[in-house]
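What follows is a short report on a single structure.
What you are looking at is a predicted structure, and each value in this text was computed from that prediction instead of being measured.
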Amino acid sequence: MGDRWYSEAVVYCLDIDTYADSDGDGVGDIRGLIGRLDYLARLGVTCLWLHPIHPSPNKDDGYDATDFYNVDPRFGTLGDFAELLHQAQNRGIRVIIDLVVNHTSDQHPWFVSARSSPDSPYRDWYVWSDEEPEDRHQGMVFPGEQHETWTYDRTAKGWYYHRFYKFQPDLNMANPAVRAEVKKIMSFWLQLGVSGFRMDAAPFIIELTEPGNPNSPKDFEFLTELRQHVQWRRGDAVLLAEANVEPDQLPTFFGDSGGSANRLHMLFDFMLNGRLMLALARQDPEPVIEALRDTPALPEGGQWATFLRNHDEIDLSRLTAEQRNEVYAQFGPDEDMRIYDRGIRRRLAPMLGNDRRRLELAYSLQFSLRGTPVLRYGEEIGMGEDLSLPGRQAIRTPMQWRYQPNAGFSTADPEKLVRPVIDKGEFSYEKVNVTAQRADRTSLLAWFERMIRTLREAPEIGSGSTTHIDVPTPPGVLAHRADGSTGTMVFLHNLGTGDAVVDLSHLEPEADLPIDVLGDRSYAPVGKLDRLQLAGYGYRWIRLRRGRGF
Ligand code: NOJ
């Protein structure tokens with residue numbers, strides 16, 4: 001892969017504890033994951049994003065670390081982790097890890113020391129206020145489950161700040177010692193061989209929190225510092241961050257006002273995610289067209305990461321209340337399917353009624369749109385959720401490998417499993433599992449393998465530019481194109497149920513032996529591009545032109 005490997009990557013995210021258990025203790029582990037690398041290589045994945053791997057009391061699925069320099073003993077040892085990196089590299093797969101340094105667990109030795117005395121060397125590593133801050137009840141990320149952002153600590157005799165749950169005290173990034181420590185943590189993992197980080201909560205990391213000021217200033221320069229540091233330590237390492245902010249603020253996360261891409265390489269495209277959901281709910285591509293049109297231009301080297309599902313709720317907070325209700329009505333009709341007044345705690349297959357046509361359509365759309373696709377484990381076989389589990393755990397159930405006890409995830413007693421497997425209904429492991437789908441050339445898994453391979457033959461999707469083809473199309477149909485040095489691809493997606501015919505003959509002069517490379521079925525050849533047929537929920541990927549030397 002070239003320098004900007006991340007532009008052409010296929011990222012797959014997983015929790016080690018629910019992926020594969022090698023030692024039968026009920027918790028997935030690194031050795032279990034190593035045993036699944038061939039599966040991931042075959043799927044076409046080129047980069048793994050591992051959710052937090054550090055020791056943790058696990059009150060927020062590992063996003064509450066107690067030691068940034070180790071792996072959770074439940075997952076294995078640092079030695080196992082180094083072996084994972086080696087084995088992944090042998091298969092051409094890079095590994096990035098979650099970097100969760102906005103906060104620690106309240107059980108982290110730094111916080112234990114900090115709260116114990118005002119003289120602790122770690123006191124200033126956290127954010128304190130002697131007085132009760134006026135904005136104590138503002139800025140909560142988990143409404144309904146979190147009641148304040150400042151909590152009084154009796155031992156410390158002071159208020160500490162926590163943007164997230166109260167067991168996640170925020171680190172004080174205004175303190176140079178903390179900044180140096182964050183760089184040290186990054187160096188440590190880069191030295192071991194990770195290819196970068198998924199940076200948790202980027203907008204909050206750079207917050208210079210002032211008690212009583214709910215709009216505390218942000219220090220974007222810290223992102224520049226981190227980028228520089230990472231690049232010096234490992235030139236090809238990538239920073240992929242979570243920053244769910246207003247669109248006009250996004251460019252500042254990629255680079256400074258001078259236009260250089262000197263901060264984060266990649267951001268998750270939350271805006272597109274919400275618009276994709278709205279488009280699928282309405283069966284109308286207009287919200288996606290708006291997203292393509294309205295998203296700010298990125299500096300050279302900046303890249304979006306697209307996703308339909310990740311490990312959290314589907315966050316619809318960037319939609320209007322009315323739009324959100326439209327999505328709820330289609331995909332989260334029951335109160336129990338929703339969470340935090342803004343999202344849906346379901347996987348995609350159940351949301352789309354387990355309709356294979358709609359699932360292919362949705363993922364074809366995500367993977368053909370600009371940016372680097374991120375796929376969540378289990379989506380490739382169409383796993384479901386377990387709404388009887390609390391909160392976001394509903395979509396964090398064990399991977400379904402086989403029709404065997406515990407879905408082939410673990411040999412432990414079922415009650416010892418980190419989370420129960422889905423064993424009832426149409427998404428039970430009896431019906432949805434890897435082994436069955438591997439044996440079936442028409443399965444969703446087989447489709448993902450083919451689709452990802454096709455994507456990898458079309459690098460212009462990830463590294464070129466993506467635009468809406470603005471011609472009259474039948475209702476429900478989106479036409480877009482990707483242009484890059486490797487050529488041009490054209491895509492048609494029919495979000496509606498009716499058959500359609502699309503006329504793209506104006507592109508004929510550009511075409512050079514145009515050919516269908518992927519579709520929901522075999523269509524009549526593209527011909528002069530003037531009568532392109534498309535079934536309801538159908539899609540076509542057409543190679544219009546190959547670039548020179550490709
Ligand atoms: C974002 C993560 O995706 C989420 O799972 C977590 O709860 C918060 N950050 C806090 O770390």
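- Using a 4.0 Å cut-off between charged side-chain N and carboxylate O, R342 and D315 make a salt bridge.
- Taking the charged nitrogens against the carboxylate oxygens, K183 and E225 do have a contact shorter than 4.0 Å, which makes a salt bridge.
- Between the side chains of H265 and R227, at least one donor N or O lies within less than 3.5 Å of an accepting N or O.
- Test D61, D312, D15 against R392 for salt bridge (Lys or Arg N to Asp or Glu O under 4.0 Å) and you get one pass: D312.
- Take R370 and apply the side-chain hydrogen bond (donor to acceptor under 3.5 Å, both in side chains) test, not counting sequence neighbours, and it matches D269, T295.
- By the 30° and 60° cut-offs, the orientation of the rings of Y165 relative to F142 is parallel.
- Applying the salt bridge (charged side-chain N to carboxylate O under 4.0 Å, His left out) rule to R36 yields no partners; only residues at least two apart in sequence or on another chain are considered.
- Taking the six-membered ring where tryptophan is involved, the planes of W49 and F268 are tilted, since the angle between them lies from 30° to 60°.
- Under 4.0 Å is where a charged nitrogen must lie from a carboxylate oxygen, and between D236 and R234 at least one such pair does.
- At least one test fails for R376 against the ring of Y363: distance under 6.0 Å to the centre or angle within 45° of the axis.
- Separation of atoms CG (N273) and CH2 (W304) is listed at 12.5 Å; rounding is to 0.5 Å.
- Closest approach of C47 and I96 over heavy atoms only: SG-CG2, 4.0 Å.
- Under the 3.5 Å distance criterion, with hydrogens and angles disregarded, no donor-acceptor pair is assigned to the side chains of R419 and T397.
- The closest side-chain heavy-atom distance from W150 to V127 is below 4.5 Å.
- A donor and an acceptor atom, one from each side chain of N172 and D124, are nowhere located under 3.5 Å apart.
- For the residue pair Y126/T104, the side-chain donor-acceptor check at 3.5 Å is satisfied.
- Under the side-chain contact (heavy atoms from CB on, under 4.5 Å) test applied with V11, the options V374, T306, L375 reduce to a single match, V374.
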Can you give each donor-acceptor pair under 3.5 Å made by side-chain atoms of residues 106-114, sequence neighbours left out, with the distance rounded to 0.1 Å?
| unit_1 | atom_1 | unit_2 | atom_2 | d |
| --- | --- | --- | --- | --- |
| H108 | ND1 | W110 | N | 3.0 |
| H108 | NE2 | T66 | O | 3.4 |
| S113 | OG | S120 | OG | 2.7 |

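- The side-chain contact (heavy atoms from CB on, under 4.5 Å) test with S105 singles out one residue from D60, D67, N58, D64, and that residue is D64.
- Remark: side-chain polar atoms of R347 are not paired, donor with acceptor, to backbone N or O of G382 under 3.5 angstrom.
- Residues meeting the side-chain hydrogen bond (donor to acceptor under 3.5 Å, both in side chains) test with N175, sequence neighbours left out: none.
- Residues R318 and N244 have side chains that bring a donor and an acceptor to within less than 3.5 angstrom of each other.
- Of the residues E210, E207, H103, the one that meets the side chain to side chain donor-acceptor pair (under 3.5 Å) test with Y161 is E207.
- Every side-chain hydrogen bond (donor to acceptor under 3.5 Å, both in side chains) that E326 has, sequence neighbours left out, goes to R282.
- The list of ring-ring contact (aromatic ring centres under 6.0 Å, His included) pairs with a residue in residues 210-244, not counting sequence neighbours, reads F220-F253.
- No donor-acceptor contact under 3.5 angstrom links the side chains of H162 and T149, judged on distance only.
- Side chains of N262 and F254 form no contact here, defined as non-hydrogen atoms less than 4.5 Å apart.
- Between R345 and E385 no salt bridge is recorded (no basic side-chain N to carboxylate O distance below 4.0 Å).
- A donor and an acceptor atom, one from each side chain of R396 and T18, are nowhere located under 3.5 Å apart.
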Evaluate the criterion salt bridge (charged side-chain N to carboxylate O under 4.0 Å, His left out) for residue pair R198 and D200; output intermediate values, then yes/no.
-> CA-CA 6 Å; R198 178 270 189 185; D200 193 58; 2.7 Å; yes
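- Using a 4.0 Å cut-off between a side-chain N of Lys or Arg and a carboxylate O of Asp or Glu, E221 and R263 qualify as a salt bridge.
- Of the charged side-chain nitrogens involved, none lies within less than 4.0 Å of a carboxylate oxygen, so that R346 and E313 do not count as a salt-bridged pair.
- The pair R31-D29 does not meet the salt-bridge criterion, since no charged nitrogen lies less than 4.0 angstrom from a carboxylate oxygen.
- For R123 and W128, the positive end sits near the middle of the six-membered ring, less than 6.0 Å away and at most 45° from its axis.
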